[in-house]
Novice: 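Input: one structure, supplied below.
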Amino acid sequence: MILGIETAVEHVGVALGDHRGIRARTSLASDRRHAEALTPMIQFVMQQAGVEMDQLSAIAVDIGPGLFTGMRVGLAAAQSMAWALDIPIAPVCSLDAVAMHHDSTDLTVAAALDARRGEVYWATYRMRGPGQEPHRLSDPVVSSPDDLAIHLAERAEEVVCVGSGFDRYSDVFEASPWVSTLSVRGHSPSAEALVTIGSQMLVTDRAVSASAVTPMYLRAPDAEINWQVREGIS
Amino acid sequence: MSSEVNDSTVILALETSCDETAASVVMGGSDVLSSIVSSQIDIHARFGGVVPEVASRAHLEALLPVVNSAIEEAGILPTRIDAVAATAGPGLIGALLVGVSAAKSLSLVWNKPFIGVNHLEAHLYAGLLDDPSLQFPLVVLLVSGGHTMIIHMKDHGDYTVLGRTIDDAAGEAYDKVARYLNLGYPGGPVIDKIASEGNPHAVEFPRAMMHDGLDVSFSGLKTAVINHVKKNPEMHNVDVAASFQAAVVDVLCAKTIRAAQQVGAQGIVLGGGVSANSLLRSEMTRRGNEAGFKVALPSRAMCTDNAAMIASAAWHRLKSDGPTSLECGAYPNLKLAAVPR
Ligand SMILES: [Zn+2]
């Protein structure tokens with residue numbers, strides 16, 4: 001059994017399942033009370049599924065990019081649990097999980113999350129079919145929505161666009177002829193997608209030990225950026 | 001629950017409220033089996049102060065190694081742990097959440113109670129950890145980079161704040177003066193060091209509100225130091241530092257001893273990072289003893305943030321109030337007497 005923990009976006013999600021499917025799930029539009037909600041939600045999902053802690057074989061957690069504080073709540077929980085249970089972690093990128101909303105399309109998929117401050121986190125994918133982990137065409141980056149629009153234009157192909165980054169800057173993308181589907185709102189990374197991707201990472205030996213997990217911030221702390229500017233380091 | 005909390009109850013505690021990632025295993029509320037502290041001072045030094053986002057990232061990185069070391073050094077198996085505690089506030093919200101989230105998860109996995117601890121209350125227990133013979137009522141001077149409080153500790157969990165700073169914390173004044181004198185960060189240790197080579201009577205800096213209640217103020221002192229250095233650039237840093245430190249310590253000692261006299265305390269206890277200051281320790285001991293009080297000076301390791309004091313406070317809270325709900329979050333502005341739900 002794999003436990004999926006999603007806290008890198010506004011909502012909190014917990015799911016339990018394996019390669020055969022999801023056994024139990026719960027999610028909460030938590031508005032930044034991730035830490036309060038997460039532990040009772042894990043407890044609830046385990047009880048619903050009738051699964052004991054020692055039956056867990058791995059924990060799949062969203063390592064970002066996303067809300068810094070939120071993703072650390074999930075990582076601290078996942079790492080502590082995995083350490084205590086001596087099981088591995090499947091570190092899943094938030095954008096991979098977002099792309100899973102369109103796992104059956106033949107078109108290129110672009111997943112983007114609102115990174116605030118006028119920027120988006122994004123990556124592009126080729127999908128491998130229903131329930132299959134997506135194949136990345138480009139690695140996750142943070143950029144202005146305009147830069148993402150330029151990248152999509154340069155691909156010169158139809159692209160399915162999904163995630164809060166496209167919702168937030170719909171004005172930038174609606175005008176683009178390359179955008180085939182501008183996905184509806186609410187397509188966040190889900191805990192179920194984490195379990196699905198995580199179970200594939202587990203069988204292909206890409207799960208790691210609890211202490212080897214590193215968050216994907218993509219952006220340095222402000223103080224770090226200011227300091228580098230002051231010291232002339234770029 | 002209270003009947004199960006006894007001298008053999010083992011608590012694992014985490015502390016991540018500011019710039020130290022700490023974990024400790026304590027038995028029976030006072031027997032420290034291990035206390036591991038991973039300091040971030042070097043990480044923040046170039047910024048001249050603690051940067052919340054930098055601190056939170058460092059806490060997450062240090063978390064597992066620190067917890068692992070605490071359990072290894074305690075020489076116990078995780079199955080021996082009876083409860084898991086974490087600082088729930090006050091402190092930096094993003095930093096606190098790392099410890100709270102980890103501790104609640106361990107509590108869930110091990111099916112053991114969780115205790116959310118008030119960091120200020122824990123500082124009061126640091127003194128008791130080093131000197132278990134202390135008798136209530138006590139007056140505790142809690143001085144750090146974030147806090148300056150004179151507290152009447154009547155019993156476990158029973159406190160009244162008698163006085164506090166109306167502006168800067170004592171440690172904050174040290175940092176600001178050190179920054180102005182280009183002495184680096186953190187200011188406390190470096191001023192303490194060079195002050196020993198200077199003349200504490202070189203400048204008579206103001207002792208604000210000296211005869212005026214039990215509150216203190218350090219903002220005017222900081223300004224007086226800056227103005228004095230501007231007007232007298234030839235004056236040596238060692239003399240400025242010694243005179244500044246003399247003023248801070250004079251006020252802290254006078255007010256703490258007066259508070260102890262007013263409430264009829266059995267003793268005076270120091271706590272918080274600034275209580276590692278050598279002049280404060282020697283002056284409080286000398287003047288406190290002269291006034292007839294026993295003065296307890298926790299070891300340096302117990303003055304600064306650590307998780308042993310969190311475990312100790314958690315043991316007393318578990319005994320009196322039982323566990324904290326797993327819905328506990330982080331409370332950046334938690335007041336001394338408040339308990340996380
Ligand atoms: Zn402290």
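Chain identifiers are assigned alphabetically (A, B, ...) following the order of the sequence lines, protein sequences preceding nucleic acid strands; residue numbering begins at 1 within each chain.
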Novice: Side chain from CB out, backbone as N, CA, C, O: work out which of these in Ile93(B) comes under 4.5 Å of a heavy atom of chain A, or both, or neither.
Specialist: neither
Novice: If you round to the nearest 0.5 Å, how far is CD1 of Ile59(A) from OG of Ser105(B)?
Specialist: 8.0 Å
Novice: Does any heavy atom of chain A fall under 4.5 Å from the side chain of Val51(B), the backbone, both, or neither of them?
Specialist: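 Contact with chain A is through the side chain of Val51(B) alone.
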Novice: Give, as side chain, backbone, both or neither, the part of Leu108(B) having an atom under 4.5 angstrom from any heavy atom of chain A.
Specialist: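 Leu108(B) touches chain A through backbone and side-chain heavy atoms alike.
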Novice: How many angstroms lie between CG in Leu97(B) and CG in Leu38(A), if you round to the nearest 0.5 Å?
Specialist: 11.0 Å
Novice: Taking all non-hydrogen atoms of both residues into account, name the closest pair between Val98(B) and Ala76(A) and its distance.
Specialist: O-CB, 3.5 Å
Novice: On a heavy-atom basis, which atom in Thr69(A) and which in Gly94(B) lie closest, and how many Å separate them?
Specialist: CG2-CA, 4.3 Å
Novice: Are the side chains of Pro215(A) and Leu60(B) in touch, meaning some heavy atoms are under 4.5 Å apart?
Specialist: yes
Novice: Step through the shown structure and confirm whether more than 12 heavy atoms of other residues, nucleotides or ligands are within 6.0 Å of CG on Asp171(A).
Specialist: yes
Novice: Do the non-hydrogen side-chain atoms of Thr39(A) and Phe114(B) ever get within less than 4.5 Å of each other?
Specialist: no
Novice: For residues Arg72(A) and Arg57(B), determine if any side-chain heavy atom of one lies less than 4.5 Å from a side-chain heavy atom of the other.
Specialist: yes
Novice: Check whether Asn111(B) gets within reach of chain A through its side chain, its backbone, both or neither, counting any heavy atom under 4.5 Å.
Specialist: neither
Novice: Does any N or O in the side chain of Lys104(B) come within less than 3.5 Å of the main-chain N or O of Pro40(A), such that one atom is a donor and the other an acceptor?
Specialist: no
Novice: Let me know if Leu63(B) has heavy atoms under 4.5 Å from chain A in its side chain, its backbone, both or neither.
Specialist: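 Interface part for Leu63(B): side chain.
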Novice: Below 4.5 Å, heavy-atom pairs only: which of Glu327(B), Glu61(B), Arg46(B) has the largest tally toward chain A?
Specialist: Arg46(B)
Novice: Is it the backbone or the side chain of Ser211(A) that comes under 4.5 Å from a heavy atom of chain B, or both, or neither?
Specialist: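 Both backbone and side chain of Ser211(A) come within 4.5 Å of chain B.
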